[in-house]
Chemist: 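Mind having a look at this structure? Questions to follow.
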Amino acid sequence: MGSNGVQALITNLALTVARVLQVCNFCLTKSRRSRDSESPTRTDNGSGEEEEALRRDSESTSRADNLSCEEYDVFLSFRGPDTRNGFANCLYHRLRDAGIHVFFDNEELRVGEEIGEELSKALDKSRIYIPIFSKGYANSSWCLREVAHMVECTSTSDEKKEILPIFYDVDPDDVKLKTKLYSKVMPRHKKKFGSDNLKQWENALVKVAHIKGWDLKGKGQGEQIESIVEVVCRNLNTRHVIVTDNLVEDNDQMEAIMKLLDVGSRGVRFVGIHGMGGVGKTTLAKVMFNKLSSHFERCSFLEDVRASSQSHGGLLELQKKLLIDLAGHGIANQIKDVDGGIKMIKKALSNKELLIVLDDIDKKEQLEKLAVGKSDWFCSGSRIIITTRDKSILMTQVGSSSNEILNQPKEISCYEVHGMRFDLARHLFYKHAFRSNSVVEEYVACSREIVIALGMLPLAIVVIGSNLFDWGKDLGHLDKREIWDETLKKLKEGPFEDVRDTLMISYERLEDKHQEVFLDIACFFINTDRTYPVIMWKDCGYFPSIAMRILSQRSLIKIRDDNRFWMHDQVRDFGRYIVRQVYPRKFCRVWIHEDALKLLEGKKRNEDMVALSLTFDGCSRSIACEELAALPNLRFLLAKGINFFGNFENLLSELRWFSWEITQMEFYEGSFHFANLIVLDLSRSDIKDDWDGWSRIQMTEKLKVLDLTDCTKLRRTPNFSNFTSLETLVLARCSNLLTIHPSISKLQLLETLNIKGCSSLGELPEEVCSLQSLKQIVMPQNFQLLKLPERIGNLKSLSSFGLNEHPKICQLPDSIGGMVNLTYLSLHGCVGIKKLPSSIGELKMLVKLQISTLGIVELPDSIGNLKKLRVLLLCRTKIKEFPRTIGGLEMLETLDADRSWDLTDKNLEEIGNLFHLTTLNLAFTSVSRLPPEISRLHLQKLEVGSIELRQVPSLPSSLKFLAVQALDFSLVPHPSSITDLEHLELQRFSNSTKIPRSTWQDYHSKVEAAMLREQPSYQLPSRLSALKLRGISPLPHFSNLINLTVLHVIDCAISHLPINPGLTHLRELFIRRCKSLEKIPGLSLLGSLERLELKGLNRLVEIQGLSELESLQYLILSSCDLIGQLPNLSKLGKLQHMELEACPNLRAIEGIEGLESWVLDSHGRTILERLLDVSRSTWLSHRLPMYDVFLSSRGRDSRFGIVNFLHYWLLQDRISVHSDDDDSRSNERIGEEILQALANSNIYIPVFSRNYASSYWCLRKLTHMVKCTTESKGKRKILPIFYDVEIDDVKLETDLYKSDLDKHQTNFNHSEVKAWKEALIEVAAMSGFILRNNSHEEVLQLVTEEIYKARKLLDVDS
């Protein structure tokens, strides 16, 4: 089968599994936000002067025009020379990739002596501050100003903001001014900045240094970056929706809605929130959504349904959005019309506890087609919130069609939102008018009158308050008071009917150009990425950086963290009202297709028309040139389902942006000539290679952007000869694209080439190598071979190159050394690359080289020439030795070869020359000794582990982190001599340790011999804060560990865990798989313990002292078979999270408010979470399977091929997967972990490869799959993949598998081998996916058939 078929299989199989799992329980997974275009790193200063604006507007549109007033998730502060090109840059990009909006500050670019308006607002608008403390941080007065401002912001934020410090190459004591590093620098600032500033800065440093953060000295930066991103994501809670700035919560109304929702009870609840426009319905719904979202399996917030459903296809798109949020892209992409969407919503969402918000409904049709059919559409426990201005819409019957659910409401519960209480409304006004919680004394009376005049409507208060602040911020008291008085007078002229009067006051004060931008957004660009509108506005001379800043400051728009515009529905309606009724040039913009038709059919000349939307879903319309000729000043044209005919030459001369979704191939135009066009967007068009439109469209030198995203019928690109001024070419997700036209070489101004998702593209053409301006190539991830051009090294401007997950690329071109400006090169997952070219040593600017999970067996000697390299990642490679030249990497800070199992200690002494090395990872290798030279390094983090480890010298005293894996710890130096050690991990290899097959020789005999040798009992360093022990016996003494906060004890042969009073600061205790453990004496002494996890403790009968842990927040119990009852937990007032799994004798929980009558289920995994911010007695519960899919393969055959990609695609569709191969198994039995995964999975996918039957591990798992599916009575299913074998091979009708089974007869019980044969034959008879001799169409047909078969076979219990 061709590579196209493989890619189709992966995608379609993911869709199949998603469909099958409609009837199974889903695991919670982290939602991930991604985007093709990335957010900028810095913001403009927003000075407002036209010359400055012209300068900014001439810059590349890939960066921000002005974001100084929008909210940031993270403010990143660092000392430029220390970390800018290394850690800070990597952290910034990783945070951004995770969908986190980052302000990337660099003190080197700052001038002056005060924090400017832009920086001050960025600090004020950020939620998390991350200062990166480096050796030179205190040298910078800018850095010190920023950290002081951070402290000030957090201290006044009511705990809504926080500081997460990173200690890069310094100790917390340095920042606490206890050492000379910072303390000797600080007095130098006194002369210039004064003693008061100095004192403030010193106090800020000391305060931040006491905050728990990350100490990077001696730790792997990659691992720490992942930890930082994880914590930031968790603290930001990325499932939340954006709520208005300066929120004033109305707790009374929230409590009333919470009672109607009755979260935690069974049944499905529909709650309708109704009230007049601007009263705060959406804000209340958002607050409730944010408070509850983490407690449901899936969540969706459909904002602004009224406006979104107005366009043709609007309801269909809303259905797809709902299904994407709740069931994944695979399900959503299957619906083609609204009726099909209704059926899919009913089928796909019936077995998950959901939280859905439908915002701003104005027709019953919307309810019926989105959510409200009958309550049995949804799983018991689901909650649906609806906001509307029309209460009559909520008079809808939602009762179940059956009587199975007791006490199920048959109607939507209604709540009317009333105006804010005066005190809350006044508080909200103060926050916007004064940017404070208080008011200037002389404005108290006026403020009161304004709030009353506004009817205490929240939106009106926000808009007027924001405007008063903006209008008066640069005025003296008298002028400012005059504006306040004028505003109050206008409000009193009334009668004040609604928000429109308020918005008109704000609108009339906008400059003409700002009004144009505002109206464009209101009519066309809500929820649209701002990149293309900004390009258009710049070319029209509208200075968008200033306009967006002003509109944002006055609360008329927001720019969301995904770079899209947001506008309140009332503000949007006002903008459209202006265009229709008030604007001097009525109908200057038309966005409704009926109005557009009337306009065109009239053929009346309209010189005021500047923007037009012609969208006709499901039908087509022909537009003659005479009709558009009547609109000579059109600058934006959006067309879908439109055919143009006639000669358009010299028409539309003002058109800047033409977005045309072509649905028919016929091209009737005589000629198109766009004299001023700069953006041509043909995304999602059905154009094919023979489309003759390219020859009819005459381009000008001004065209900067050509976007062909999702043109899936395109097999080759057009000739680019007429596009010589292009700066951005987007071919994203052109999934059938095979060829890029050679004329791409003429695009000498091209800076960005996006071919992400071009899964059929076989090569990057040689002509790309001539693009001297190219800075970025967004590469696809292809299972098939992607050929790189030999001259790729000619791309001199390229700064980063990521070629990840391309298993069939076998080599890099020798010319790659010509990328003289390359600072980052990643080849992660390119397992076909066995050797790196020697020219890689010519990448003189390279800072980070990521070559993990490659097939390379050696590094070229030339790698020693990379004098600026700071990070070298070699994890999971097959290299056997470091080159002798590795000592030449004079700036190297991180060397990570984790799980490169074949790596020996040859040339390891050269590491002694890496004097900047702070992190060394040789864990799970074949290193038998560490050279004595290592002791002279200033290492901060060292990981080393090998079953061959024999010799370890004295370790550097600078170590803060040490992890050792060994068979015999009598050979390891006593760690007590490392006095500053803070983190220690000790793991002893055992028969249960997962190791690759290549190291199996004599492994068990070595383990048995090591077990006979007595192991030392350690006295550990007293500064330890984290201790993790695996397989260690006897345990070390804990008596002196007064600073310990984390203790993990895993796989240790102990009968009890000695806890003494010295562990008073312990916050986290994990005890796992200590099968002899019978008791935990002294647990009650851990008064600071916040997290307790007990797993696999088969002999533990009771948890003495648990009832005294008053600080406990998280309690996790799993596989503790003998525990029948927990002590009374009434003292655990802070407990908010419990997980209970596989504790068959545990039946009840006593002493916790809200769980008095709750009965535990001994099967599956139960999660209980308490909403402490709502009520101490409000608990949410849900039961989850462990996995949706069990994916089994013969590791060496297919792990880095289809298995890896299938796993990725399934996860992308939010399907939880257990992926298991046989290469890491060292014992013969299937462990408890695998048995539980098999027993708790819903779908099994065995990947049959040529060597599958040679692995008894694979065969044993296959028999368990057959057993589980048989016992499930049709509720589980096996979907086999025949990777590089025929069905007859698996049926044992050929010698391929038969010969392997014959060999097994000599080593295994006859009855077991017989069971393996029967399982193979049974599974081979099942419908599956054949990767050989099948076309794309045949595979797609087979997948479709399997979807429908699976639906019939699986019978679901809700």
Chemist: Compare every heavy atom of Trp691 with every heavy atom of Ile687, then report the nearest pair and how far apart it is.
Modeler: CG2-CD2, 3.6 Å
Chemist: Answer yes or no: are there more than 12 heavy-atom neighbours, outside Lys363 itself, under 6.0 Å from its atom NZ?
Modeler: no
Chemist: Testing the basics here: between Ile335 and Gly340, what is the closest heavy-atom pair and its distance to 0.1 Å?
Modeler: CG2-O, 3.8 Å
Chemist: With a 4.5 Å heavy-atom cut-off, do Val271 and Met288 have their side chains touching?
Modeler: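 In short, these two side chains do not touch, never coming nearer than 4.5 Å.
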Chemist: Short question: side chain of Asn736, backbone of Arg715 - any donor-acceptor pair under 3.5 Å?
Modeler: no
Chemist: Whether Asp710 and Arg684 form a salt bridge (side-chain N of Lys/Arg under 4.0 Å from carboxylate O of Asp/Glu) is what I want to check.
Modeler: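 Result for this pair is no, no salt bridge flagged.
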Chemist: Quick one: do Phe565 and Ile559 satisfy side chain to side chain contact (heavy atoms under 4.5 Å, CB included)? Show the steps, please.
Modeler: CA-CA 5 Å; Phe565 290 116; Ile559 300 171; 4.2 Å; yes
Chemist: Return yes if some donor-acceptor pair links the side-chain N/O of Thr388 with the main-chain N/O of Ile361 below 3.5 Å, else return no.
Modeler: yes
Chemist: Taking all non-hydrogen atoms of both residues into account, name the closest pair between Ala285 and Val357 and its distance.
Modeler: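 That would be CB-CG1, 4.1 Å.
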Chemist: Could you go through Asp360 and Val305, starting from their C-alpha distance and side-chain angles, then the distance that decides it, and tell me whether this counts as side chain to side chain contact (heavy atoms under 4.5 Å, CB included)?
Modeler: CA-CA 6 Å; Asp360 197 14; Val305 172; 5.6 Å; no
Chemist: Would you say the side chain of Phe378 lies within less than 4.5 Å of the side chain of Leu354, judging by non-hydrogen atoms?
Modeler: yes
Chemist: A side-chain contact here means heavy atoms from C-beta on lying under 4.5 Å apart; do Leu326 and Ile356 qualify?
Modeler: yes
Chemist: Nearest 0.5 angstrom please: Leu597 CG to Ile592 CD1, how far?
Modeler: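 Between Leu597 CG and Ile592 CD1, I get 12.0 Å after rounding to 0.5 Å.
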Chemist: Check whether any side-chain N or O of Lys756 sits under 3.5 Å from a backbone N or O of Val778 as a donor-acceptor pair, and report yes or no.
Modeler: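 Checked: no pair found.
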Chemist: What residues, two or more places apart in sequence or in another chain, satisfy side chain to side chain donor-acceptor pair (under 3.5 Å) together with Asn527?
Modeler: Arg560
Chemist: Begin with the C-alpha distance, continue with both residues' side-chain angles, and end with the deciding distance and a verdict on side chain to side chain contact (heavy atoms under 4.5 Å, CB included) for Lys320 and Glu317.
Modeler: CA-CA 5 Å; Lys320 288 183 177 181; Glu317 291 304 312; 4.2 Å; yes
Chemist: Could you walk me through whether Arg383 and Leu292 pass side chain to side chain contact (heavy atoms under 4.5 Å, CB included), step by step?
Modeler: CA-CA 10 Å; Arg383 297 295 181 264; Leu292 297 173; over 6 Å; no
Chemist: Taking the side chain as every heavy atom from C-beta outward, state whether Val579 and Cys523 have any atom pair closer than 4.5 Å.
Modeler: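 Heavy-atom side-chain distance check passes, below 4.5 Å.
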Chemist: Kindly say whether Ala522 contributes a backbone atom to a donor-acceptor pair with the side chain of Arg576 at under 3.5 angstrom?
Modeler: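 Between the backbone of Ala522 and the side chain of Arg576 there is a qualifying donor-acceptor contact (under 3.5 Å).
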Chemist: For Ile526, what residues pass the side chain to side chain contact (heavy atoms under 4.5 Å, CB included) criterion, not counting sequence neighbours?
Modeler: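 Once residues adjacent in sequence are excluded, the partners of Ile526 under the side chain to side chain contact (heavy atoms under 4.5 Å, CB included) criterion are Ile521, Met567, Arg572.
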Chemist: Is the side chain of Ser760 donor-acceptor paired with the backbone N or O of Ser735 at a distance under 3.5 Å, no angle test?
Modeler: yes
Chemist: Taking Pro780's backbone N and O only, do any of them form a donor-acceptor pair with Ser759's side chain (distance below 3.5 Å, no angle check)?
Modeler: no
Chemist: Taking all non-hydrogen atoms of both residues into account, name the closest pair between Arg306 and Gln366 and its distance.
Modeler: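 So the minimum-distance heavy-atom pair works out to CA-NE2, 4.3 Å.
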Chemist: Under the rule for side chain to side chain donor-acceptor pair (under 3.5 Å), what residues qualify as partners of Asp595, not counting sequence neighbours?
Modeler: Arg580
Chemist: Going by heavy atoms in the side chains, are Cys414 and His274 under 4.5 Å from each other?
Modeler: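 In short, these two side chains touch, coming nearer than 4.5 Å.
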Chemist: State, yes or no, whether a side-chain contact exists between Arg269 and Leu260 at a heavy-atom distance under 4.5 Å.
Modeler: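 They are not in contact (no side-chain heavy atoms under 4.5 Å apart), so the answer is no.
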Chemist: Identify, with sequence neighbours excluded, every residue that meets side chain to side chain contact (heavy atoms under 4.5 Å, CB included) alongside Lys713.
Modeler: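 Partners of Lys713 under the side chain to side chain contact (heavy atoms under 4.5 Å, CB included) test: Asp686, Lys688.
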Chemist: Could you list the residues that satisfy side chain to side chain donor-acceptor pair (under 3.5 Å) with Asp681, not counting sequence neighbours?
Modeler: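 Asp681 satisfies side chain to side chain donor-acceptor pair (under 3.5 Å) with Ser683 only.
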Chemist: Is there side-chain contact between Ile384 and Ile412, with at least one heavy-atom pair below 4.5 Å?
Modeler: no
Chemist: Write down the atom of Met1326, the atom of Ile1278, and the distance for their closest heavy-atom approach.
Modeler: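 Minimum heavy-atom separation between Met1326 and Ile1278: SD-CB, 3.6 Å.
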Chemist: Hey, does the side chain of Gln319 reach the backbone of Ile345 with a donor-acceptor pair shorter than 3.5 angstrom?
Modeler: no
Chemist: Check the pair Glu368, Lys364 against salt bridge (charged side-chain N to carboxylate O under 4.0 Å, His left out), reporting the backbone distance first and the verdict last.
Modeler: CA-CA 6 Å; Glu368 294 164 356; Lys364 284 192 176 182; over 6 Å; no
Chemist: Test of understanding: with ring pair (Phe, Tyr, Trp, His ring centres under 6.0 Å), list the residues that count as partners of Trp657, not counting sequence neighbours.
Modeler: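 Expected list: Phe525, Tyr532, Phe636.
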Chemist: Where do Phe301 and Lys321 come nearest, in terms of heavy atoms and distance?
Modeler: O-NZ, 3.8 Å
Chemist: Is any side-chain N of the basic residue among Arg389 and Asp362 closer than 4.0 Å to the acidic one's carboxylate O?
Modeler: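 No, Arg389 and Asp362 are not salt-bridged.
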